[in-house]
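Encoded as structure tokens, the structure appears first; notes follow it.
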Amino acid sequence: MISSAVLTRRAAPVLACVGLLAVWQVASLALKNDSFPTAIEAIRAIPDILGDRESLTNILASLRRMAMGFGVAVLVSIPLGLLMGRSRGIAAFFNPLLMVIYPVPKAALMPIIMLWLGVGDATKTLVIFLGVSLPVIYHSFEGAKAVEEKMLWSGAAMGLSSAKRLVRIVLPVALPEILTGCRTGLVLALITMITSEMIARQSGAGNILFNALDMGQYDTVFAMIIIVGTMGICLDAIFESVRARLVRWSEPQFDMPLSFS
Amino acid sequence: MKARQNGRGSNDALDGCENDDPSGRLLAKVVPLNVRAREAKDRMTVVPARSSEWMRPVNSQEPASAIIEIDRVSQVFQTSARKDHLALSDISLTIEEGAFVSILGPSGCGKSTLLYIVGGFVRPTSGMAKIRGHTITGPGPDRGPVFQEFALFPWKTVLGNVMYGPRQQGVRTAEAEAQSRALIEMVGLKGFENFYPKELSGGMKQRVALARTLAYQPEVLLMDEPFGALDAHTRTRLQNDLLNIWERDRKTVLFVTHSVDEAVFLSDKVVMMSKSPGRIRQVIDIDLPRPRRRNELLLDPRYQKYVVDIERMFDESDEAGPFS
Ligand SMILES: Nc1ncnc2c1ncn2[C@@H]1O[C@H](COP(=O)(O)OP(=O)(O)OP(=O)(O)O)[C@@H](O)[C@H]1O
Ligand SMILES: [Mg+2]
């Protein structure tokens, strides 16, 4: 027997997607605008894109760059954030640097980076890397800072060196917070992936999208939006299942309803 | 979530009932455990720095020698308002090897701070603390803290928490697990091995914290109100267990408490502190026979006199205190 609460939880995301498509369909029928195809037209265009070898190669190339930028960013940012959280000196050094980079839209750096590295993979991967790094560093930093001192003392009393305490106590305790940063980073990776391809038109999912836009193939444009959106949903779901497994020990045990009526 | 209670006797330990003499039963378990752990340490390949010292078997026939010396320690804290706050003032105290010493004093008099200094977690503003003649410069596995705040590792289960110390010191997994399971049973948490700290009550967490520290066999136990969050039954039972462990191993124990009864019942020496700034008011030797049995002691007029006298001193210090 599946309880009604579980059923609701399972059905909710599907309902949300169907609802969105329905609103889209109605809106587009009402507006009767050439550049706003109906949801059904957009969905019909999807098989053409996914069936086309070149488009598929483009999308895979996008995903590869994204994985690369995201992966390297996470590997660099977590240790940096943790070190910043546990050492005032390191934090004092890196904080101003990060504060300079933080508000700059990473895509705005593209033209400059393109001058140095060209329009190829390196530039786009670097931009994704920059986009992902900051939230991951920030959340790792906050997570490490919040680690209870006595927990570290307990480790020290057991003979853990300070390097080992960072890896074996600060890292696991901060993990839920770090993963929050990674999740934000994942979304930003997707965004910067598309924007980077919008600026450096050469290959990728963003390239298909904006080429179609230039040629007025609006159903392809919206089909690409659906594809990218679906990619986002899938990546997030995969990430969430990994995350839930890693930090099961920290999940709240009770749902807190908004009201107790 | 439901506790798995595997039939025999595990549930009475959880309730803290004493009808079938848990102390006798527990002793039988504790002894081989410690022997096993010693053997394990002898075979260890990774040897901590002061191993030769903290492995030395403590023999009650040896003449008592000072293990911890606190020498004119003062501690000044900078408060957020940028004022200096004198938390400890000129504390000198010598603790003999194998002694059970309680620190008793009103809240905020610096008991925890003193314990942190001996633990090497806090460096005193002036003065120094020594262990076996060496100035304490940092924490080490020879001194095992049990913090007032528990500070359990939240990502580890009960078993994982208790095993952490022995594993860290190179005890093999199977061995560490066997020792840890015995300790978990001793503190009355059998059946909860796979629970995470967030799934435990306050008193249960405190018992895990105690087991976690006992597991790596520190030579000196630094206990900060370890029974503060326990109900009266469990408290009494763990006091008995602690006394049993102590009477076996003769570990040196520095024990912070608010409770006069507890201090008199457990200690060789009670250090009374006064507040603002934290000073040692008086050191009282508790001259009561051991092994101590609670039911005998409660009827003993000498015990009663200690409790009454110390309580009176407590009241006086309250009246004399600047904040009262
Ligand atoms: N990190 C700190 N910064 C500033 N003041 C501190 C700090 N730690 C402790 N103090 C002050 O030092 C004094 C002693 O604190 P401590 O925690 O040692 O008291 P305690 O005797 O353990 O009290 P309790 O019995 O309530 O645990 C208190 O007045 C407290 O305000
Ligand atoms: Mg305290």
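Numbers restart at 1 for each chain; the letters A, B, ... are given by sequence-line order, proteins then strands. Both backbone and side-chain heavy atoms feed into the values below; hydrogens, waters and symmetry mates do not.
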| query | For atom CE of B:Met128, is the number of surrounding heavy atoms from other residues, nucleotides or ligands below 6.0 Å larger than 12? | reply | no
Heaviest contributor of heavy-atom pairs below 4.5 Å to chain B, chosen from A:Val247, A:Leu175, A:Val173, A:Leu152, is A:Val173
Report yes if some heavy atom in the side chain of A:Lys150 is under 4.5 Å from a heavy atom in the side chain of B:Gln148; otherwise report no. no
One option among B:Tyr196, B:Trp155, B:Tyr164 has the most heavy-atom pairs under 4.5 Å with chain A, and it is B:Trp155
By residue number, those in residues 62-93 of chain A with heavy atoms under 4.5 Å from heavy atoms of chain B are none
d(B:Phe153 CZ, A:Met158 CE) to nearest 0.5 Å is 4.5 Å
Counting heavy-atom pairs under 4.5 Å with chain B, the top scorer among A:Ala156, A:Pro176, A:Gly155 is A:Ala156
When rounded to the nearest 0.5 Å, the distance separating NZ of B:Lys156 from CZ of A:Arg168 is 7.0 Å
If one checks every heavy atom of A:Ile169 against chain B at 4.5 Å, the contacting part turns out to be both
B:Leu152 and A:Met151 have their tightest heavy-atom pair at O-CE, 3.6 Å
Practice item. Mind telling me whether A:Trp153 and B:Phe121 have parallel, tilted or perpendicular rings, with 30° and 60° as the class edges? Key: parallel
Most heavy-atom pairs under 4.5 Å with chain A, out of B:Gly165, B:Pro154, B:Gly144, B:Pro166, belong to B:Pro154
Nearest heavy-atom approach of B:Gln168 to A:Gly159 is NE2-O, 4.4 Å
